[in-house]
Student: 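Sending over a structure as structure tokens; questions will come in a sec.
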There are 2 protein chains.
Amino acid sequence: MSQSDDPTPISRKRNPRGVTMEAVGRMAGVSQVTVSRALSDPSKVSPETMARIREAIAVTGFVPNALAGALASRKSMMVSALVPSITNIVYASMLAPFSEELKSRGYQILLSETGFDPEEEAATVEAHLSRRPDAILLTGVHHAPRTRRMLLGADVPVVEVWDMTETPIDLCVGFSHAASGRAVADFAREAGYRRAAGICAGDERAQRRLAAFAESFGQSSGTEVPVARTTRGNLAAGRALLAELIDERGFTGGLVACSSDVLAQGVLIEAAARGLSVPGDLAVVGFGDQELAAAVEPGLTTIRVNREALGRAAAQALLARIDGGNPSQDLIDVGFTLIRRASA
Amino acid sequence: MSQSDDPTPISRKRNPRGVTMEAVGRMAGVSQVTVSRALSDPSKVSPETMARIREAIAVTGFVPNALAGALASRKSMMVSALVPSITNIVYASMLAPFSEELKSRGYQILLSETGFDPEEEAATVEAHLSRRPDAILLTGVHHAPRTRRMLLGADVPVVEVWDMTETPIDLCVGFSHAASGRAVADFAREAGYRRAAGICAGDERAQRRLAAFAESFGQSSGTEVPVARTTRGNLAAGRALLAELIDERGFTGGLVACSSDVLAQGVLIEAAARGLSVPGDLAVVGFGDQELAAAVEPGLTTIRVNREALGRAAAQALLARIDGGNPSQDLIDVGFTLIRRASA
DNA sequence: TCAGCGCATGAAACCGCAATCATCACGAAT
DNA sequence: ATTCGTGATGATTGCGGTTTCATGCGCTGA
């Protein structure tokens, strides 16, 4: 009665590792090759065969092994993205459209944070290259020499974003940080501000923006432009740095240029806490035009960079290169706009 | 086979595709196997050989092909992470420590956004499974049946985060959203507020928090708790929803519970714009304890969830499972804390 | 009637590495 | 002297696909 338990489980080789095309094919009465074709180009397989294969796939729950596919076809269908920090909305908001654009073409994103250290970036690039991505996105244009060498040697499309350079590794989509700093200085001058100060986060690009602002405004106004610095670019830092400017650096009023909207919002809060009116006693300019810029009171005058367009353009440039051709241009300057609101 | 020493340049095929271990070995006078060993366990190779191999690697710029390695070893050294949105700091700030923890063990992150749609999530899970990740992180505990099936069939460690369930797919690290809503209601009651309202973003977990709050507070106070809803959880939405509560829903004062700190900040801004004092005329409670919560004026009373610890714990739980054993616990409730500041 | 052709399919050769087992030289133990 | 590790290395196999080339077959046109 209970003879269902066969004592010879020997021939019963239930593939202990996942289902393969081989197994699907066996079940559908075709070879592995035909299964492969069925998935990559159904038009090359007869409708009846196709149906049986589909059935077998459904029954077995087969999921193709993309690693094997990548090895054989030399196309990983992965794109690496290296950003300094994903918790920083500025990078995250570029990444989202970048990723979406690529996803629609079947690519997946291999993401890493690199911090702001070129050496760490180099190590990360190497780790990513070992996965043979079909393209790579890097943030910024300053890299360790080794990074450049590896990337050039790997013969893979590369796009550097969020900055501009005359000598990109391959492609570049960004804007000039120095120009954005000068634009704020121009605005300050034209709006009639006589004195100014700066508040700057630690990263290299923020410093370039503020340096350009300070130099430009300083030159045209003939005044000293004090710049307070911080490593962390949060609200608390913005508050603290305005306090520093006023209490320790003798800043008595004028325009405060900040390297980010968050810092600028911190300045607004500290100003309110001190009973200073904005823009009466103190004018504030931010950078980034994050959502908060339009929502705070008073509205924040700031530099807008179309981050979504930037991310999308970066993806499209890479796709163009992958598709074989050269994109229409290697360098894309997406520019920036000064958005004037109430704070300055 | 014996024609390797053939001087005819015809058969001499300068490998046009990247450098391989084979090539490195040839240059170092050893076999491919030895190169493989040199990289995976240097102690198994003699020092002199090691030196020659290193030299050859440096000269050729060899970068091992992790795809091939993964295929052969059945370990991809990749971990999938699926989050609703990377531009939402709440998810991004879990992801950062999660990724860091795994990176230190040699894993890389395959990231995708899934939005808030279970079907999209299922498709994304399938795409990720095809890459044979060594582990998977999912956000939330509500998934399409197909997702569950695929995941169980794939026999891969899975951790669901940012929520709790009694029936996890595998592991779960999170907290109870309903409990957090009730905690706010308890607080409101104990602090003596007689009336309350809610402001709620569109995602399912936010709604569960606010529903629990409204029910709990409504029951104990015997009042109706109006809840205004939005799809986008930004500052502007917070402002608009407070306006809606006051202008259209007859809300005249009391405590406003918000499903996120950002919405709460919007409420603060709108309140200020209307000349309402906080917490005098209006008390505000947020959720998340983002950086802004401590920095705004007045400081925001909110629910803190240790997102960094959560991300780290998720990573560690997965690593424990990968290492073969069962983690000490399948379900980890990281809890939450109500942080009282000036806004309520 | 038969070469010719397109279609559906299969066989075989990789892709680049890791895992397994075999080989070899050399010194210690018997 | 023979045996037996032991450390260093190589040959072989196969992971699960893609690609290329070969095959069988029914049908068309001269």
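Protein chains get the first letters and strands the later ones, always in sequence-line order, with residue 1 at the start of each. These numbers come from the heavy atoms of this one structure, side chains and all, not from hydrogens, waters or symmetry mates.
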Student: Charged N to carboxylate O below 4.0 Å: is that the case for A/Lys103 and B/Glu113?
Tutor: no
Student: If I take atom OG1 from residue A/Thr34 and atom CZ from residue A/Arg52, how far apart are they, to the nearest 0.5 angstrom?
Tutor: 9.5 Å
Student: Consider the side chain of B/Met21, meaning its heavy atoms from C-beta on, and name the nucleotide among D/dG16, C/dA18, D/dT20 that approaches it most closely.
Tutor: C/dA18
Student: Expressed as a whole number of angstroms, how long is the span from B/Leu129:CG to D/dG16:P?
Tutor: 15 Å
Student: Which whole-number value in Å describes the distance from A/Arg132 CZ to C/dG16 P?
Tutor: 8 Å
Student: To the nearest 0.5 Å, tell me how far A/Ile53 CD1 sits from A/Met21 CE.
Tutor: 9.5 Å
Student: Provide, to the nearest angstrom, the distance between the CD atom belonging to B/Glu22 and the C1' atom belonging to D/dG10.
Tutor: 12 Å
Student: A quick test of your reading: do over 12 heavy atoms of other residues, nucleotides or ligands sit less than 6.0 Å from CZ of A/Arg146?
Tutor: yes
Student: If you take any heavy atom closer than 4.0 Å to DNA chain C, which residues from residues 45-53 of chain B end up in contact?
Tutor: none
Student: Check whether any side-chain nitrogen or oxygen of B/Thr34 sits under 4.0 Å from OP1 or OP2 of D/dG10, and answer yes or no.
Tutor: yes
Student: Test side-chain contact (heavy atoms from CB on, under 4.5 Å) on A/Thr20 and A/Gln32; report intermediate values, then the result.
Tutor: CA-CA 8 Å; A/Thr20 67; A/Gln32 171 265 322; over 6 Å; no
Student: Under a 4.0 Å threshold between the charged nitrogen and the carboxylate oxygen, would B/Asp323 count as salt-bridged to B/Arg105?
Tutor: yes
Student: Identify, residue by residue, the members of residues 64-73 of chain B with a heavy atom below 4.0 Å from DNA chain D, and return them in order of residue number, or none.
Tutor: B/Leu71, B/Ala72
Student: With sugar-phosphate meaning primed atoms plus P, OP1 and OP2, does B/Arg37 contact a base, only sugar-phosphate, or nothing at under 4.0 Å between heavy atoms?
Tutor: base
Student: C/dA19 C1' sits how many Å from B/Leu39 CG, rounded?
Tutor: 16 Å
Student: Once you round to the nearest 0.5 Å, how far does CG of A/Leu102 lie from CG of A/Asp134?
Tutor: 10.0 Å
Student: Quick one: CD on B/Gln108 to CG on A/Leu110, what's the gap to the nearest 0.5 Å?
Tutor: 5.0 Å
Student: What's A/Gln32 touching, base or sugar-phosphate or nothing? Going by heavy atoms closer than 4.0 Å.
Tutor: base
Student: For residues 147-160 of chain B, which residue pairs pass the side chain to side chain donor-acceptor pair (under 3.5 Å) check, not counting sequence neighbours?
Tutor: B/His143-B/Glu160
Student: When the distance from NZ of B/Lys75 to P of C/dG16 is rounded to whole Å, what number comes out?
Tutor: 22 Å
Student: OP1 or OP2 of D/dG16 less than 4.0 angstrom from a side-chain nitrogen or oxygen of B/Arg74, does that happen here?
Tutor: yes
